[in-house]
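Values in this document were obtained by computation on a predicted structure and should not be read as measured data. Hydrogens, waters and symmetry mates play no part in the numbers below; they use all other heavy atoms, side chains included. Throughout, protein chains are lettered first and strands after them, A, B, ... in sequence-line order, and every chain is numbered starting at 1.
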Amino acid sequence: MVNYKELICDILAETLTDMSREEIMGMIEIPTDEKMGDYAFPCFKLAKVLRKAPPLIAKDVAEQIKDNEIFEKVENVNAYVNMYISRANFVDGLVREVNEAGDNFGHSTIGEGKKVIVEFSSPNIAKPFHIGHIRSTVIGNSLYKIYDCLGYDTVRINHLGDYGTQFGKMISAYRRWGNREDVEREPIKTLLSYYTKFHEEAEKHPELEQEARDIFKRLEDGEPEEMELWQWFRDESLKEFTKVYKMLDIEFDSYAGESFYSDKMPRILDELNEKGLLEESRGAQIVDLEKYGMTPALVTKSDGSTLYITRDIAAAVYRKEHYDFYKNIYVVASQQNLHFQQWFKIVELLGYEWAKDCVHVPFGMVSLKDGTMSTRKGRVVFLEDVLNKAVDKTREIIEEKGVATENIDETAKQVGIGAVVFNELSNNRIKDYVFDWEKVLNFEGETGPYVQYTHARACSVLRKAGEEAVSKAEKLENFDPQVLTSDSAYELAKLIYKLPDVIVEAAGKYEPSVVTRHIVDIAQAFNRFYQHERILVEDEKELLSKLALVIAAKTAIKNGLALLGMHAPEKM
RNA sequence: GGGAGACUAGCUCAAUGGAUAGAGUCGCAGACUUCGAAUCUGUCGGUUGGGGGUUCGAAUCCCUCGUCUCUCACCA
């Protein structure tokens, strides 16, 4: 497929000899209104060099390039050169490209041979998977899909929160008030109740906190009794998490959590020591980062046990040596901005040049109407409940509509869970938001079900057209792009054309919502096309040409949804 | 108090320094005997938190003030 922007750049470069290709490329833009053309070139900046009024320059430029065959029309409006691409050629190229690429449309090889690690989800063991955890899980999974489709070699790591003082608390609580049968019957809920009780008691008896720290120290030292309990809690918790991951259709390449690095930390402490980065302060060991405008980083506690930051450094060093990553991405809440800045700086100070390849991808908080979510206070919305509710509602709608589907359960799952996932990926990551049942369960407008519905609608048209016609359309038999030059067909084609660039942009910004919004645009354009033009017409040339565009749209939507971790059912 | 981020239509959100700031939702008015109405069409809706500045041009860059969120030593 022709890269129109580059082509236009070449054409402009012939007339604008004073400017570099890069400069021209940076100035070519897509007008806000399609009535003003497909591409535009503002001439304000040329005024000084050419010593001429911008509108006059625009007029000259328009005059000089207007005869090029890729344009249907070139005109100047004030200081703008507005370029209208020849629609038939454009649509022809686009449809051929998409239909040939099929499921690979949007994919590329720009990442070939480069390894990208995405660390995401990373729930804390023995705590329920709540609506706050969905962000890292879903954003991370989508980033993995995006990098994967760009040809990068990807590794998904679930950095389980399976270590730390919290386990001291848990073990202490279990010994005081727990029993084995309850845990086995309902692990997470039971363990959580111990954890909650521990915090209640600790308020009255602060010495419990110290006891928890002591127990964690014993765990870190490998005392068998604590190790055994810890392992048991971990196994039970993982079983529960796996249930949720199955629902979301998410997998990991590694579950190496914090505990995995427990034996890799002494080395880091040694290195820090050798480089003279360690300082003792109030019995603890710190790295002073004042020079870099940050507060000191606590590396070991006064009892010698390690902290989160130490484990993250050890993990990064391990990952570099084990995977030799090109990029090491952490999808972790923005609450931890300082934490990441601190340890990225420490890794740099240790002399590791790859510190620059570590990326923190932060995201905003989820809160509830009555305040911040708090596991300790029991103020939570469980992710499993949200997913189940969405699936139930979807099933009701499907049954109500009576659209025949072979497998209602599976479709309800794909659409219901897809709705939650899509909702999660539709805004910029950094925004905080308040969880709202109504919003998650709304299936109209810019939602996942809307996009999936559009896909199903396209599939429905293709079914009605019949296998023979579809097969001909796929082979582009009797294909005539002139049929597809109406505004609605052309707008649809333009948006499909843009998808590959959008995917690259999403990867560069670590921002799946760019893809989400774009596939909404494609779906809207398809629905408009569908509304304005009859697809199943008598004339074979017209029919097959339109079917070819429908196939392209369907492919683009399906591939786009896949990047969000969503399915595209053919009936719903 | 220091640091970071957010602030755009009633609500939820878009907008590589460019043209008349766009969608969805809500409200109102329409379109199913026709390819799926989880759809489409129209309409209402704005001092882009306030104030300065830079620029031919600012929601976007700089300064300042305000509101909210997160964060700042033994949790993760």
Side-chain angles (χ1 to χ4, degrees), chain A residues 26-33 36 40 42 44-45 47-48 53-54 77-80 82 122 124 127 161 163-166 168-169 209 212-213 216 258 281-286 293-303 305-309 311-312 332-339 341 362 364-365 367 372 394 397-398 400-401 403 415 419 423 426-428 430-434 436 439 442-454 456-465 505 513-514 517 520-521 523-524 526-528 530-537 546 550 571-572:
Chain A
M27 281 167 67
I28 298 172
E29 50 189 57
I30 294 171
T32 43
D33 188 340
M36 300 185 287
F44 302 101
K45 282 179 185 153
K48 271 183 193 162
V77 176
N78 295 322
Y80 288 88
N82 290 341
S122 315
N124 286 330
K127 285 192 193 170
Y163 223 52
T165 309
Q166 51 174 330
K169 292 176 182 175
E209 298 277 355
R213 282 195 282 270
F216 174 57
E258 292 182 59
S281 172
R282 295 179 229 170
Q285 289 188 296
I286 64 159
M294 286 181 266
T295 47
L298 202 62
V299 173
T300 63
K301 296 188 246 181
S302 44
D303 66 3
S305 67
T306 59
L307 284 146
Y308 181 39
I309 201 163
R311 295 192 281 273
D312 263 345
V332 180
S334 64
Q335 286 172 31
Q336 295 184 32
N337 279 348
L338 176 64
H339 165 77
Q341 279 171 28
M365 288 232 325
S367 54
T372 317
T394 307
I397 295 174
I398 293 174
E400 190 183 301
K401 292 194 183 290
V403 179
V415 177
N423 180 253
S426 48
N427 296 340
N428 279 344
I430 203 67
K431 302 262 186 183
D432 292 344
Y433 77 93
V434 177
D436 182 355
K439 206 186 165 205
N442 172 33
F443 295 169
E444 278 159 30
E446 298 170 327
T447 64
Y450 170 78
V451 174
Q452 287 172 320
Y453 170 80
T454 307
R457 203 180 205 187
C459 291
S460 174
V461 177
L462 296 174
R463 268 197 306 277
K464 287 257 159 66
E505 185 193 341
S513 67
V514 175
R517 284 195 296 268
V520 168
D521 289 344
Q524 283 174 339
F526 177 83
N527 283 321
R528 244 169 253 144
Y530 181 92
Q531 183 76 19
H532 291 319
E533 295 187 42
R534 190 157 183 87
I535 296 161
L536 300 179
V537 292
K546 284 181 172 175
V550 172
K571 289 181 188 173
M572 62 185 271

| task | Ignoring hydrogens and angles, tell me if any N or O in the side chain of A:Thr447 forms a donor-acceptor pair with the backbone of A:Tyr450 under 3.5 Å. | result | yes
| What distance, rounded to whole Å, do you find between the two C1' atoms, one in B:G46 and one in B:A59? | 12 Å
| field | Gap in Å between the two C1' atoms, one belonging to B:U47 and one to B:A58, rounded | value | 15 Å
| Between A:His339 (NE2) and B:C70 (C1'), how many Å, whole number? | 15 Å
| query | For A:Gln452 and A:Val415, which heavy atoms make the closest approach, and how far apart are they? | reply | OE1-CA, 3.4 Å
| At under 4.0 Å between heavy atoms, what does A:Ser302 touch on the DNA or RNA strands: base, sugar-phosphate, or nothing? | base
| request: Return the value, rounded to whole Å, for the distance between atom CG of A:Asp432 and atom P of B:C68. | output: 14 Å
| message | Any base atoms under 4.0 Å from A:Ile286, or only sugar-phosphate, or nothing? Heavy atoms, all strands. | response | base
| Using a cut-off of less than 4.0 Å, is there contact between a side-chain N or O of A:Arg528 and OP1 or OP2 of B:U41? | yes
| field | Watson-Crick and G-U pairing of RNA chain B written in dot-bracket, each distance under 3.5 angstrom, with | for inter-strand partners | value | (((((((..((((....[...)))).(((((.......))))).....(((((..]....))))))))))))....
| field | Which residue lies more 5' along RNA chain B, comparing A:Ser460 with A:Thr306 via nearest heavy atoms | value | A:Ser460
| With rounding to whole Å, what would you report as the distance between B:U8 and B:G50 at their C1' atoms? | 14 Å
| Quantified in whole Å, what is the P atom distance between nucleotide B:G5 and nucleotide B:C74? | 25 Å
| note | Per atom distances to the A:Arg457 side chain, the nearest of B:A37, B:A76, B:C56 is B:A37
| said: Regarding A:Leu307, tell me which of base, sugar-phosphate or nothing describes its non-hydrogen contacts under 4.0 Å with the strands shown. | reply: sugar-phosphate
| query | At under 4.0 Å between heavy atoms, what does A:Glu29 touch on the DNA or RNA strands: base, sugar-phosphate, or nothing? | reply | base
| field | Closest nucleotide among B:A73, B:C72, B:A23 to the A:Leu338 side chain | value | B:C72
| Inter-nucleotide P distance (B:C72, B:U54), Å rounded | 40 Å
| message | When you measure from the side chain of A:Lys546 to the backbone of A:Arg534, do you find a donor-acceptor pair of N or O atoms at a distance under 3.5 Å? | response | yes
| request: Quick one: label A:Glu533 by what it contacts on the DNA or RNA (base, sugar-phosphate, nothing), any heavy atom closer than 4.0 Å. | output: base
| Value in whole Å for how far the C1' atom of B:A76 lies from CG of A:Asn337 | 15 Å
| Contact class for A:Ala456 vs. all strands (heavy atom < 4.0 Å): base, sugar-phosphate, or nothing? | base
| said: Suppose we call a contact any N or O donor and acceptor under 3.5 Å apart; does that hold for the side chain of A:Asn82 and the base of B:A19? | reply: yes
| task | Ignoring the backbone of A:Ile535, work out which of B:C35, B:C40, B:A73 is nearest its side chain. | result | B:C35
| request: Would you check if A:Ser367 and A:Val434 make a side-chain contact, meaning some heavy-atom pair closer than 4.5 Å? | output: yes
| said: Taking atom types as they are modelled, would you say the side chain of A:Ser281 forms a donor-acceptor pair with the base of B:A73 within the 3.5 Å cutoff? | reply: yes
| query | Does A:Gln166 or A:Ala40 map to a spot on RNA chain B nearer the 5' end, using the closest nucleotide for each? | reply | A:Ala40
| message | Syn or anti for B:C32? Use the chi torsion, O4'-C1'-N9-C4 for purines and O4'-C1'-N1-C2 for pyrimidines, with syn inside 90° of 0. | response | syn
| field | Axial cation check for A:Tyr530 ring with A:Arg457, 6.0 Å and 45° limits | value | yes
| Which whole-number value in Å describes the distance from A:Tyr453 OH to B:C40 P? | 9 Å
| Taking the same atom, C1', in B:A6 and in B:C40, what whole-Å distance lies between them? | 35 Å
| Check: A:Ile430 main-chain N/O paired with A:Asn428 side-chain donor or acceptor under 3.5 Å | no
| task | Taking the six-membered ring for Trp and the full ring for Phe, Tyr or His, determine whether the centres of A:Tyr308 and A:Tyr163 are under 6.0 Å apart. | result | no
| For A:Asn427 and B:A6, what is the distance between atoms CG and C1' respectively, to the nearest whole Å? | 13 Å
| said: What's the closest nucleotide to the side chain of A:Lys431 if the choices are B:C40, B:G36, B:C13? | reply: B:C13
| query | What nucleotide among B:C35, B:G24, B:A76 has an atom nearest to a side-chain atom of A:Arg534? | reply | B:C35
| message | Would you say A:Thr306 and A:Arg311 are linked by a side-chain donor-acceptor pair, where the criterion is simply a distance under 3.5 Å? | response | yes
| query | What nucleotide, of B:C74, B:G36, B:U12, holds the atom closest to the side chain of A:Arg282? | reply | B:C74
| task | Round to a whole Å and report the spacing from CD of A:Gln531 to P of B:A37. | result | 8 Å
| task | To the nearest Å, give me how far apart NZ (A:Lys464) and P (B:U34) are. | result | 10 Å
| field | Side chain of A:Lys301 (C-beta onward), nearest among B:C72, B:U39, B:C74 | value | B:C74
| request: Could you measure between the two C1' atoms, the one in B:C56 and the one in B:G17, and give it in whole Å? | output: 12 Å
| field | Interatomic distance where CD belongs to A:Gln524 and P belongs to B:U25 [whole Å] | value | 9 Å
| note | Which of B:U34, B:A73, B:G36 is nearest the side chain of A:Met572? It is B:G36
| query | Is any side-chain heavy atom of A:Val77 closer than 4.5 Å to a side-chain heavy atom of A:Met36? | reply | no
| remark: Winner on side-chain proximity to A:Val461, out of B:G36, B:G24, B:C40, is B:G36
| field | Of the listed nucleotides B:A14, B:G36, B:A19, the one nearest the side chain of A:Thr32 | value | B:A19
| request: Compare side-chain N and O positions of A:Arg463 against OP1 and OP2 of B:C35 and report whether any pair is under 4.0 Å apart. | output: no
| Separation between the C1' atoms of B:C26 and B:U33, rounded to whole Å | 32 Å
| field | A:Tyr450 side chain near B:C40 phosphate (N/O to OP1/OP2, under 4.0 Å) | value | yes
| task | Verify the distance criterion only: is there a donor paired with an acceptor across the side chains of A:Asn527 and A:Tyr453 at less than 3.5 Å? | result | no
| field | Under-4.0 Å side-chain N/O to phosphate OP1/OP2 contact, A:Arg517 with B:G24 | value | no
| Side chains of A:Val332 and A:His339: closer than 4.5 Å at any heavy-atom pair? | no
| task | Classify the nucleic acid contact of A:Leu462 as base, sugar-phosphate or nothing, counting any heavy atom under 4.0 Å across all strands shown. | result | nothing
| message | Just so I know, are the side chains of A:Tyr433 and A:Asn427 near enough to count as touching, which here means a heavy-atom distance under 4.5 Å? | response | no
| request: Would you classify A:Gly164 as touching base, sugar-phosphate or nothing, given that sugar-phosphate means primed atoms plus P, OP1 and OP2, and contacts are heavy atoms under 4.0 Å? | output: sugar-phosphate
| task | Using a cut-off of strictly less than 4.0 Å, decide whether A:Asn428 has a side-chain nitrogen or oxygen near OP1 or OP2 of B:A14. | result | yes
| said: When you measure from the side-chain N and O atoms of A:Ser334 to the phosphate of B:G5, is any distance below 4.0 Å, counting only OP1 and OP2? | reply: no
| What nucleic acid atoms does A:Val415 come within less than 4.0 Å of, heavy atoms only: base, sugar-phosphate, or nothing? | base
